[in-house]
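Accompanying notes for the structure given below.
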Amino acid sequence: MATLSSSFDLLDERIRRWIWSAGWSELREAQERAIPAILTADHDVIVAAATAAGKTEAAMLPVLTNLLKDDDGLALTLYISPLKALINDQFGRLLPLCETLDIPVWPWHGDISSSSKSRFLKRPSGVLLITPESLEAILCNRGFSAPTLFAGLRYIVVDELHAFIGSERGKQLQSLMQRVELAAGARVARIGLSATLGDMRLAADFLRPRAADGVETIVSTSEGGDLKLLIKGYVVLAPKDREADDADEHPEAEAVRSIAGHMFKTLKGSNNLVFPNSRGKVEQYTYELQKLCAAEGMPNEFWPHHGSLSRELREETEAALKSKDRHATAVCTNTLELGIDIGAVKCVVQVGPPPSVASLRQRLGRSGRRPGESSILRGYAIEQEIHSESDLSSLLREDLFEFAAMTSLLLEGWVEPPRPRGMHLSTLVQQLLSLIAQRGGMMAPEAYRILCEAGPFDAVGKADFVSLLSHLGAKDILMQDASGVLLHGAKGAPLVNHYTFYAAFSAEEEFRIISGTRTLGSVPVSSALSVGDFILFAARTWRVDEVDEASKSIYVTQHQAGRPPRFSNGAGMVHDKVRERMKKLYEGTDDTGFLDPAAVRLLAEGRDTYRRYDIGRRPLLHVDGRALILSWQGDARNATIAMLLRMKGFSVGCYGAILTIEQAGAELAEVSKALQAIASMPLPPIEDLLANALNLRQEKWDSALPENLLQRSFASQKLDLAGAHEWIKSQWYT
DNA sequence: GACCTGCTGCGGTCTG
């Protein structure tokens, strides 16, 4: 094996033999560099590559080599994954190798039998593949044995690190790593497997807060083949222009049909992924594409995949993608964005602008993964036919510009950096309750030290922590015994002792949709279906026959028509840099090189509107009797500008790039005066800014927070006060 | 007009 390198020689002899028998001719570049870095287990490492290829092996081959050096066979590695499906995948891949090495591998999540779990607990060694929620449960319920369980811990490997950063689950994960290390009584090497992010320093700071300098970052430079890219422009009739002659037909049905027709021609006979950005659209496109297959008398090639479909139906789609003897295209939401293995995909289709550049990049990484193949992205930019009542957003062709801006940033290699600061008080409440369960009680100063001073909640000061504790005490969630030990209160104990406690994020209650004996999936309670409704679900149309409130079940039978149910849920936020790039595109003259002729026409129309309204020079303008603000700042800043104006008595709507002053006839002079006043005053305190704001309680334990901490936690995660103020000053400071 | 993810322990009964 002459081509194998010095890194190869560092691996255990049994692993080298396994690699040899698997027929690998060489190690990939990321593996070469990761092996010596990880082998010593004396520092943290991030392995970053755009595609999943070889990342797991890059981490696990040196990890296993290290475990084999252990004489008493008690060494342990934690592998933490965001998805159960990924754990099952990895288990299947690791098992054959680990069996030859006599290293036990333990999958551990909600679907794993308790007998397998108790076998691990008897002899906690080898590789434990686990979700953050299951790890939370272990610490919470087996706190006293945690030091024994983790005594042999050598590594904590976090897969899909980027998927955790910035979210409630990410904060929880950071806290869990800290608590596991404390239980083990030693600093443990943390290994992060990540997509390449623009600023890897932020990922390093996430993996080891306050000591990012010690994290070695290995970014794969061999990013594979080239990228083929085309965005097609599509002009469709505005829904209001259509004859409303078919009550069962969903709005935009015609647009979906015409785009589905084009997709069908370009995608049939190959494997592809289509991302239309919402579950409702997944249903519509899959339905139309399946009808086209049937009309041609060919077997179906189009399958739906989203989070509300039952596990069984999603697995059917995954099996179709993996199958070697037929072609399959999945129409999906970001359920197929993360790393479960779905085989080779020829082309990725993005319908409408993606939620973020990072997401577009991740989606694109799903195609062209075979050597010599290029990644192919086909985009559809959909705009409405202009009519007398078209709004400014349509006239500006806003979606096309957003799509083009994100694409051009992608081509430059830029992706949104994660938003790492933020108080995350909801998750702090969970971690505090869980830590108390783990230790059977806890003194307040120690809890503060573990979670905030030495832990991940370092944006929370001592005074805030104390006021949080006293509020939790007043709400009977916490209590203090005579010696000052913190314990669960009358309201806190049942919270912690329920299985829903372990997840850091909240989820809406749902109804199951059942046809005969088969569960098709679920819809949120808020979407309230009633008997006689016609729905489109799992790419078929149904009539609702019965709604059983008690068992939260909706019974359906096949019907000829229907429209998708409403799945309300928030989406991501557009970054400042994307809006900045949109502005640049409006002011530019070139065709970008990735737009088809129809899209180039839309580009020209948007630029024409931009010039006609003189938007480049005037961020504040009057259109059809309404005052509008176009700041070209991201959603966090726009939301903050809106809040600041609301303080001055305006009611402001925030849709995409455009802020709308809702008061009909509001004079520009009035708005301008208010903005001038904001520019010349210091930033108002958050309690004033959010005094009248509703719906701030969005995260799981927000209801346990006192008002002022809730407001500050919300602002730290969702607003950009300094940035918004800077922008207003740059325009209105005199 | 709008994504995704996850979940214990215990006591009961039945089967090999």
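Throughout, protein chains are lettered first and strands after them, A, B, ... in sequence-line order, and every chain is numbered starting at 1.
- Contact annotation for A:S134: backbone-only contact, meaning every heavy-atom pair under 4.0 Å involves sugar-phosphate atoms and none involves a base.
- Among the protein residues, A:P355 comes within range of no part of the nucleic acid, since none of its heavy atoms lies under 4.0 Å from any strand.
- The closest side-chain heavy-atom distance from A:S359 to A:E337 is below 4.5 Å.
- Using a 4.0 Å cut-off, no side-chain N or O of A:N277 falls inside it from OP1 or OP2 of B:dA2.
- Looking at the side chain of A:T335, the nearest of the listed nucleotides B:dC4, B:dG1, B:dG6 is B:dC4.
- With ring centers used as reference points, A:H575 lies under 6.0 Å from A:W414.
- The side chain of A:S114 contributes no N or O atom lying less than 4.0 Å from OP1 or OP2 of B:dG9.
- Using a 4.0 Å heavy-atom criterion, one finds that A:H498 contacts no nucleic acid atom at all.
- Between A:K117 and B:dT8, a side-chain N or O to OP1/OP2 separation shorter than 4.0 Å is present.
- With centroids closer than 5.5 Å and planes inclined by less than 30 degrees as the test, A:F505 and the base of B:dT5 pass as a stacked pair.
- Base engagement by A:T500 is indicated by at least one non-hydrogen atom pair under 4.0 Å involving a base atom.
- For A:Y499, whose side chain is taken as the heavy atoms from C-beta onward, the closest listed nucleotide among B:dC7, B:dG6, B:dA2 is B:dC7.
- Distance A:D399 CG to B:dA2 P: 11 Å, rounded to the nearest Å.
- Ranked by how close their nearest DNA chain B nucleotide is to the 5' end, A:R169 and A:P276 are led by A:P276.
- The residue A:R314 sits close only to the backbone: its heavy atoms come under 4.0 Å of sugar-phosphate atoms, none of a base.
- At whole-Å resolution of the value, CD in A:Q438 and P in B:dT8 are 17 Å apart.
- You'll find the ring centres of A:W701 and A:F501 inside the 6.0 Å limit.
- Among the nucleotides B:dT5, B:dG6, B:dA2, the one closest to the side chain of A:S278 is B:dA2.
- Taking atom CG on A:L139 and atom P on B:dT8, their separation rounds to 13 Å, with Å as the unit.
- Residue A:K552 places its NZ atom among more than 12 non-hydrogen atoms of other residues, nucleotides or ligands, all under 6.0 Å distant.
- Distances shown here put a side-chain N or O of A:K84 below 4.0 Å from the OP1 or OP2 atom of B:dC7.
- Evaluation of atom-type donor-acceptor distances gives no pair under 3.5 Å for the side chain of A:N334 against the base of B:dC4.
- When the side-chain nitrogen and oxygen atoms of A:R142 are compared with OP1 and OP2 of B:dT8, none of them lie within a distance under 4.0 Å.
- Proximity of A:R279 to the phosphate of B:dC4: a side-chain N or O atom is located under 4.0 Å from OP1 or OP2.
- In this model, the phosphate group of B:dG6 is not approached by any side-chain N or O of A:T131 to a distance below 4.0 Å at OP1 or OP2.
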